[in-house]
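The block underneath contains the structure these notes are about, expressed in structure tokens.
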Amino acid sequence: MNIAKLPRLLILAAGAAWLSSAGATNLVQIDGAHTTFFYDADFWGLGAASVLGDTISLQMRPDMNVSASVRAGSTTATQTQQATDSDSVGIVAVAKTGYSLTTKVGTGLNGSYFTAAKGGDVQVSLGGTIFTGYMENGAFRSQDVVTGSATYFSNASNGSAAQAGSFDVLMYSANPLTYANAIGVDNYLSTYAYQSGSGSSSLSLNAVRYEFSAVAVPEPETYAMLLGGIAVLAGVARRRGGTA
């Protein structure tokens, strides 16, 4: 397995993410441990989502799988196959009562690949933009852009033997850690297969996932106790200073 930078795909991902404007219209709710999730069933498919803790995973549609083939005996022919799709705010996470979400979001890709000897190349990219906002009447209303996100995988055969395997890649958004009640993520997916010379190369994207981190918000009584403790310590310090 070889994880490498994919500048062309990531530029496309960033462009689609920042230009998206219309919100998803078919958000379906599913509960996590400390988070309530909403996913766009028109993009991911109804029933595609499953949740473990505060992570939502989405099974991918078959149309994102790609395969490039060149006839046997050819040494000069090439073929490229690519599938792309995008969605504006396809994932929303809302913190449950007593919790807040951090804006550092993990995005993951899971699948398998095959690259023919010497001439095969496969790539997959998941990009997006992370927003803070709130839910209103079943729709996500964005307030602030936090950062962009990008997760990717690639494998190119560069020897005499074909390569096959699976991948499970997780990357986190690189942004200052802040907190929000609701976070929305728009999505840009791209899968790519290339074959040069005789053979076939393919990539299957099984699932993507989004990992959120929820932290407990102290109750008002806890703040009152904390402030009371600080006041007591300040009083003790003043008395000690006065008797010195």
Side-chain angles (χ1 to χ4, degrees), residues 1-24 39-45 48-49 56-70 78-92 105-116 119-131 145-158 163-175 184-196 200-211:
M1 185 175 69
N2 176 35
I3 299 174
K5 293 183 178 180
L6 309 180
R8 181 174 61 85
L9 294 181
L10 293 183
I11 289 171
L12 288 172
W18 285 95
L19 289 175
S20 59
S21 58
Y39 71 95
D40 184 6
D42 289 338
F43 181 77
W44 302 106
I56 181 170
S57 299
L58 300 117
Q59 297 299 309
M60 283 309 305
R61 314 181 311 265
D63 61 304
M64 293 304 296
N65 298 335
V66 288
S67 179
S69 300
V70 173
T78 63
Q79 187 183 67
T80 299
Q81 293 292 331
Q82 185 170 14
T84 62
D85 204 354
S86 61
D87 191 23
S88 178
V89 191
I91 296 292
V92 179
V105 179
T107 54
L109 297 165
N110 176 275
S112 58
Y113 66 93
F114 179 87
T115 50
D121 182 18
V122 293
Q123 305 174 358
V124 57
S125 173
L126 171 63
T129 307
I130 298 172
F131 304 87
V145 174
V146 179
T147 188
S149 66
T151 302
Y152 44 87
F153 168 84
S154 71
N155 182 275
S157 57
N158 52 16
Q163 300 182 44
S166 60
F167 57 89
D168 190 8
V169 183
L170 176 67
M171 298 180 184
Y172 286 90
S173 57
N175 62 281
V185 186
D186 63 8
N187 322 102
Y188 178 86
L189 269 170
S190 177
T191 51
Y192 168 87
Y194 171 79
Q195 180 62 37
S196 176
S200 179
S201 295
S202 59
L203 182 139
S204 296
L205 181 59
N206 299 331
V208 305
R209 69 184 184 275
Y210 294 85
E211 295 191 1

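One-based numbering along the sequence shown.
Between the Asp87 side chain and the Phe43 main chain, no donor and acceptor come within less than 3.5 Å of each other. Of the possible polar contacts, one joining the Asp186 side chain to the Thr129 backbone as a donor-acceptor pair under 3.5 Å is found. In this structure, the side chain of Ser157 does not engage the main chain of Thr115 through any donor-acceptor pair within 3.5 Å.
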Before you tell me yes or no, could you show the steps for Val208 and Thr107 under side chain to side chain contact (heavy atoms under 4.5 Å, CB included), namely the whole-Å CA-CA distance, both residues' side-chain angles and the distance that decides it to 0.1 Å? CA-CA 7 Å; Val208 305; Thr107 54; over 6 Å; no

Test side-chain hydrogen bond (donor to acceptor under 3.5 Å, both in side chains) on Ser202 and Ser67 and set out the steps. CA-CA 4 Å; Ser202 59; Ser67 179; 4.8 Å; no

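Side-chain contact between Asn155 and Phe167: absent, with no pair of heavy atoms (C-beta onward) separated by less than 4.5 Å. Residues Tyr152 and Val169 form no side-chain contact, since every pair of their non-hydrogen atoms from C-beta on lies 4.5 Å or further apart. Tyr210 places a side-chain heavy atom less than 4.5 Å from the side chain of Leu58. With a 4.5 Å cut-off on side-chain heavy atoms, Tyr194 and Thr78 count as touching.
To the nearest 0.5 Å, atom OG of residue Ser86 and atom CG of residue Leu189 are 9.0 Å apart. Here the straight-line distance linking atom OG of Ser201 with atom OH of Tyr192 works out to 10.0 Å at 0.5 Å rounding. Here CH2 of Trp44 is found 8.0 Å from CZ of Arg61. Values are rounded to the nearest 0.5 Å. Within the model, atoms OG of Ser125 and CG of Leu109 stand 7.5 Å from one another, a figure rounded to the nearest 0.5 Å. Here the CG atom belonging to Leu203 is positioned 7.5 Å from the CG atom belonging to Asn65, to the nearest 0.5 angstrom. Here the OG1 atom belonging to Thr147 is positioned 11.0 Å from the CZ atom belonging to Phe131, to the nearest 0.5 angstrom.
In terms of heavy atoms, Met64 sits closest to Thr191 at O-OG1, 2.6 Å. Between Ser112 and Asn206, the closest heavy-atom pair is N-ND2, 4.3 Å. Between Ala49 and Ile56, the shortest heavy-atom distance links the atoms CB-CD1, 4.0 Å. Of all heavy-atom pairs spanning Gly108 and Leu126, the tightest one is O-CD2, 4.2 Å.
Listed by chain and number, the residues in a side-chain hydrogen bond (donor to acceptor under 3.5 Å, both in side chains) with Glu211 are Tyr172, Arg209 (sequence neighbours excluded). With sequence neighbours excluded, the residues forming a side-chain hydrogen bond (donor to acceptor under 3.5 Å, both in side chains) with Ser173 are Asn175, listed by chain and number. Under the rule for a side chain to side chain contact (heavy atoms under 4.5 Å, CB included), the partners of Ala68 that lie at least two apart in sequence or sit in another chain are Gln79, Gln81, Ala193, Gln195.
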